[in-house]
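The structure appears right after this line, and notes come after that.
What you see is a predicted model, and the numbers here were worked out from it, not measured in a lab. By convention here, the first residue in the shown sequence is residue 1.
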Amino acid sequence: MRTIDLPASGPGHSAPLTHVGFRPDGKRLATCSYDGTVIVWDTGDPSRPVPLARLRHRRLVNASAWNPVDPEVLATASADKTVAVWRVDAHGRGTLSTVLARHTDDINSVAWLPDGERLICVSEDGRATLWSAADGVFLAEVGSHEAHCMMVSVSEQGLVATVGEDGLVAVSDPDGTAAPVTRRYDSSIEGCAWSHSGRLLAVARDDGAVDLLTAGLDLVRTVPVSTSAARAVAWAEDDSSFVVGAYDGALHWFDVVGTRLHRVEDRRVWPRSVAVAGGVVAAGSFWNGPHLYDLTTARETAAPDTPTHGPNALAQRGDELLIGTDSGLVVAVRTDGSGTEGTGAVRTTVLTDGPILSLAVDGDTVCAGTYSGHVLRHDGTTLTSSPGLGAPVPSLTVHEGMLVAGTYNGEFLLLDPGTLDVLERIEAHDGSVKSLTAVAGGFLSAATDRTVEVGGPRGRSKLWEHGNLVNAVAALGAEAAASASRDHTVKVGRLVRQADGGWRAADVQTLLGPDESVKCVALLGDAERPVVLAGSYDFGLHAWQVDWEDSAATLASGRVLAEFAQGLSCMLRLADGSVAVAGWDGRVLVVGRDRAGRPEVRTSLHLNELLTAGATEGRTTQGRTTQGRTTENRTTESRAA
């Protein structure tokens with residue numbers, strides 16, 4: 001297993017923060033990140049958090065938990081399939097004590113039992129397991145889910161609550177004899193937290209509500225929070241209030257009877273994790289450090305100062321490759337062979353302060369879907385924003401003169417491409433629409449409901465289904481399609497248009513090779529003998545030569561074409577038939593075929609080098625917004641060395 005190798009971003013993280021965890025006294029905060037590190041901050045003065053220690057895993061770090069008995073002991077959970085137990089002394093020296101290393105999948109969450117000696121770990125394989133922290137000995141399996149187990153919380157009485165993507169909430173007592181109690185929801189549950197007294201369990205629902213449950217999982221009340229998924233929840237120390245992070249890009253304060261106290265929106269914040277201690281609220285971020293707020297007033301006391309520019313989306317406008325990033329920056333770089341490393345002019349434009357998840361081009365106009373739930377339109381001089389759409393927009397395409405936005409809520413939103421008014425909302429998938437790709441007569445869609453479909457906005461045809469969520473879909477004209485899934489596979493098949501106007505798939509093949517979730521996919525060449533490219537969280541760019549007559553030959557052709565220093569994030573087939581590939585380490589490749597038809601890397605760029613060569617980043621200044629539309633914009637243009 002290769003190790004994430006990202007350059008340090010000053011004293012903070014080099015990639016977005018996945019988790020924040022306060023020590024019970026509020027004097028220390030652990031932040032986890034996609035950069036594979038954990039930073040321990042001194043938060044004695046919540047207006048000036050100071051980094052003390054940097055701890056490292058081999059892959060991204062999903063969670064942390066401070067020991068309830070020994071304040072110098074911290075557990076960290078990683079996608080490298082381990083939980084590490086560290087001792088971080090008062091001077092910030094971090095020493096690795098134990099590694100819990102028999103897990104079979106990524107660890108999503110970790111929590112201590114009240115004795116401070118045992119840990120509960122929950123993972124992508126659905127298991128909840130009990131471990132001895134001192135010697136790393138596996139003790140027992142205390143629960144399981146049918147899908148990914150996402151979060152664990154332990155009450156002061158030692159009750160273990162787990163939640164998962166299967167909608168199951170389970171409470172068990174590892175030291176008792178009573179059978180576990182369960183409660184089932186129709187949608188994914190990704191966050192939970194016991195109140196400090198242990199009397200209430202807060203459950204963050206994918207439909208945007210938080211349920212307060214008893215220890216027996218009886219419903220006390222449902223608190224509506226957001227139009228998008230509620231992801232994380234944390235209690236005030238006296239249990240009089242709680243804070244919720246939701247995928248509308250906001251933090252929400254409520255008292256225990258469900259009355260809304262505050263709402264804070266900041267596009268830099270990544271509210272997949274929140275924590276409360278000492279009268280301070282901490283939240284994750286797409287930038288390089290945590291956000292801190294006063295619990296009573298919701299006033300921000302500290303914020304990160306440096307954006308991270310991980311690429312999330314690609315588009316092509318003329319001879320420019322457009323790269324949309326975590327910081328809201330769009331980098332436009334020429335790929336026509338001029339200039340150093342095959343690049344010419346570099347133009348940078350900041351469209352927003354938060355992540356751009358998707359890009360589409362309509363003529364000379366660039367459209368961007370954001371994590372905050374907006375679609376932005378930039379025509380070179382003016383920036384226009386849609387009203388809030390209620391959920392992140394991970395996919396965009398243009399279809400029959402309309403802009404189609406795929407949302408986290410599973411909808412297709414049909415937007416006027418000029419005004420960005422919502423013309424129609426269509427319930428499309430039973431899960432987030434992760435990817436849209438135009439084909440003649442329609443568009444492909446891939447979603448977390450495991451399906452790949454094709455057609456117009458309505459009356460769509462299902463092509464195939466994966467064993468887990470589908471991250472991306474790609475097309476080769478209207479003749480072939482490929483998809484990438486978290487089940488570690490790629491599927492490829494021919495597209496066949498039927499007499500009734502519907503579609504079907506033919507000669508579908510499943511491609512193996514990646515060791516982890518496959519994030520992005522593209523097709524090279526022609527439909528009779530295409531090359532499939534796929535990027536994975538295993539840092540590899542994988543390639544297969546498709547033989548429609550012999551799937552075994554296709555499978556045997558698989559090889560790793562290139563390796564990155566982080567997971568791969570997105571791909572795009574360019575107008576000349578080559579494919580642009582980007583990774584979260586900032587590396588961008590252009591892949592073509594040699595004379596024998598084999599894939600080869602033609603151009604290698606690095607986003608950090610492009611930004612350095614471009615000198616000053618262009619900064620969009622967003623003016624006063626009327627009816628959801630922003631009308632002021634500035635763009636800086638520079639030239640690569």
Discussion item. Are the side chains of Leu414 and Pro457 in contact, using a 4.5 Å heavy-atom criterion?
Written reply: yes
Worksheet item: Which heavy atom in Asp585 sits nearest to a heavy atom in Ala565, and how many Å separate them?
Response: OD2-N, 2.8 Å
Item to complete: Test side chain to side chain contact (heavy atoms under 4.5 Å, CB included) on Leu512 and His488 and set out the steps.
Response: CA-CA 7 Å; Leu512 306 177; His488 301 191; over 6 Å; no
Discussion item. Around atom CD of Glu427, are there more than 12 heavy atoms from other residues, nucleotides or ligands closer than 6.0 Å?
Written reply: no
Discussion item. Using the rule given for side chain to side chain contact (heavy atoms under 4.5 Å, CB included), can you reason through Arg458 versus Glu424, listing the C-alpha separation, both sets of side-chain angles and the distance that settles it, and then say yes or no?
Written reply: CA-CA 12 Å; Arg458 301 174 196 79; Glu424 190 173 359; 2.4 Å; yes
Worksheet item: Would you call Val588 and Leu321 a side-chain contact if the rule is heavy atoms closer than 4.5 Å?
Response: yes
Worksheet item: Which atom names give the shortest non-hydrogen contact between Ser557 and Gln545, and what distance separates them?
Response: OG-N, 2.8 Å
Item to complete: Report yes or no: does Ser285 contribute a side-chain atom to a donor-acceptor pair with the main-chain N or O of Leu17 at less than 3.5 Å?
Response: no
Response to the item:
Value for CG (Asp206) from OG1 (Thr448), rounded to nearest 0.5 Å, stands at 8.0 Å
Worksheet item: For Arg268, which residues count as a salt bridge (charged side-chain N to carboxylate O under 4.0 Å, His left out) partner, sequence neighbours excluded?
Response: Asp266, Glu300
Worksheet item: Looking only at heavy atoms, which two atoms of Val470 and Ala446 are closest? And how far apart?
Response: CG1-CB, 3.5 Å
Discussion item. Tell me if a side-chain donor or acceptor on Thr365 pairs with a main-chain N or O of Asp379 at a distance below 3.5 Å.
Written reply: no
Practice prompt. For the pair Thr352 (side chain) and Gly328 (backbone), establish whether a donor and an acceptor sit closer than 3.5 Å, ignoring hydrogens and angles.
Written response: no
Worksheet item: Is the backbone of Ala15 close enough, under 3.5 Å, to the side chain of Ser33 for a donor and an acceptor to pair up by distance?
Response: yes
Worksheet item: Between Leu541 and Glu563, is any pair of side-chain heavy atoms under 4.5 Å apart?
Response: no
Worksheet item: Would you say Asp500 has more than 12 foreign heavy atoms packed within less than 6.0 Å of its CG?
Response: yes
Worksheet item: Distance only, no hydrogens: is a donor on one side chain within 3.5 Å (strictly under) of an acceptor on the other, for Asp449 and Thr451?
Response: yes
Item to complete: Report the residues that fulfil ring pair (Phe, Tyr, Trp, His ring centres under 6.0 Å) with Tyr34, sequence neighbours left out, ordered by chain and then residue number.
Response: Trp270
Discussion item. Among residues at least two apart in sequence or on other chains, which ones pass side-chain contact (heavy atoms from CB on, under 4.5 Å) with Ala360?
Written reply: Leu396, Leu403
Worksheet item: Around Asp430, counting heavy atoms of other residues, nucleotides and ligands shown, do more than 12 lie under 6.0 Å from its CG?
Response: no
Item to complete: Would you indicate whether the side-chain heavy atoms of Arg205 and Asp186 approach each other to under 4.5 Å?
Response: no
Item to complete: Say whether Ser226 and Asp248, considering side chains only, have a donor N or O and an acceptor N or O under 3.5 Å apart.
Response: yes
Worksheet item: Donor-acceptor pair, Gln509 side chain versus Thr554 backbone, under 3.5 Å?
Response: no
Worksheet entry | Between Thr489 and His466: side-chain donor-acceptor atoms closer than 3.5 Å | yes
Worksheet item: Is there a side-chain contact between Ser395 and Ser445, using heavy atoms and a 4.5 Å cut-off?
Response: no
Item to complete: Would you confirm whether Ser485, through its side chain, and Leu469, through its main-chain N or O, come within 3.5 Å as a donor-acceptor pair?
Response: yes
Practice prompt. Work out which heavy atom in Ala230 is nearest to a heavy atom in Ala204; give both atom names and the distance.
Written response: O-CB, 3.3 Å
Practice prompt. Drop me the distance from Ser188's OG to Met150's CE, to the nearest 0.5 angstrom.
Written response: 6.5 Å
Worksheet item: Is there a donor-acceptor pair closer than 3.5 Å between any side-chain N or O of Arg460 and the backbone N or O of Gly455?
Response: yes
Worksheet item: Does the distance from a Lys or Arg side-chain N to an Asp or Glu carboxylate O, for Arg231 and Glu190, drop under 4.0 Å?
Response: yes
Practice prompt. Determine, stepwise, if the pair Arg2 / Gln566 fulfils side chain to side chain contact (heavy atoms under 4.5 Å, CB included).
Written response: CA-CA 9 Å; Arg2 300 181 65 233; Gln566 238 281 29; over 6 Å; no
Discussion item. Can a donor-acceptor pair be found, under 3.5 Å and without considering hydrogens, that links the side chain of His374 to the backbone of Leu376?
Written reply: no
Discussion item. Show every ring-ring contact (aromatic ring centres under 6.0 Å, His included) that has at least one partner inside residues 399-446, sequence neighbours left out.
Written reply: Tyr247-Tyr408, His399-Phe443, Phe412-Phe443
Worksheet item: Does Thr308 reach the side chain of Pro16, with side-chain heavy atoms less than 4.5 Å apart?
Response: yes
Worksheet entry | Distance-only polar pair, side chains of Arg602 and Ser578, donor-acceptor under 3.5 Å | no
Discussion item. Enumerate the salt bridge (charged side-chain N to carboxylate O under 4.0 Å, His left out) contacts for residues 474-489, please, sequence neighbours excluded, ordered by first and then second residue.
Written reply: Glu165-Arg486
Discussion item. Does any part of the side chain of Val531, heavy atoms only, come nearer than 4.5 Å to the side chain of Val591, both counted from C-beta?
Written reply: no
Worksheet item: Closest approach of Gly401 and Pro417, non-hydrogen atoms and distance?
Response: O-CG, 3.2 Å
Practice prompt. To the nearest 0.5 angstrom, please state how far the CG atom of Leu413 sits from the CG atom of Asp421.
Written response: 12.5 Å
Fill in: Nearest-0.5 Å distance, CG of residue Leu610 to CD1 of residue Ile323
6.5 Å
Worksheet item: Is any side-chain heavy atom of Leu359 less than 4.5 Å from a side-chain heavy atom of Leu572?
Response: no
Item to complete: Could you note down all residue pairs passing ring-ring contact (aromatic ring centres under 6.0 Å, His included) where residues 552-590 supplies at least one of them, sequence neighbours left out?
Response: Tyr537-Trp584
Worksheet item: For Gly493 and Trp464, which heavy atoms make the closest approach, and how far apart are they?
Response: N-CH2, 3.7 Å
Worksheet item: Going by atom types alone, do Asn468 and His148 pair a side-chain donor with an acceptor below 3.5 Å?
Response: yes
Fill in: Presence of salt bridge, Glu609 and Arg587, under 4.0 angstrom
no
Fill in: Value rounded to 0.5 Å, distance of CG in Asn409 from OG1 in Thr227
6.5 Å
Discussion item. Is it the case that the side chain of Ser461 and the backbone of Trp503 share a donor-acceptor pair, with hydrogens and angles ignored and the cut-off at 3.5 Å?
Written reply: yes
Item to complete: Just do the side chain to side chain contact (heavy atoms under 4.5 Å, CB included) check on Asn312 and Asp326 with the steps written out, would you?
Response: CA-CA 7 Å; Asn312 291 316; Asp326 281 325; 2.7 Å; yes
Discussion item. With rounding to the nearest 0.5 angstrom, report the CG to CG distance, Leu415 to Leu423.
Written reply: 7.0 Å
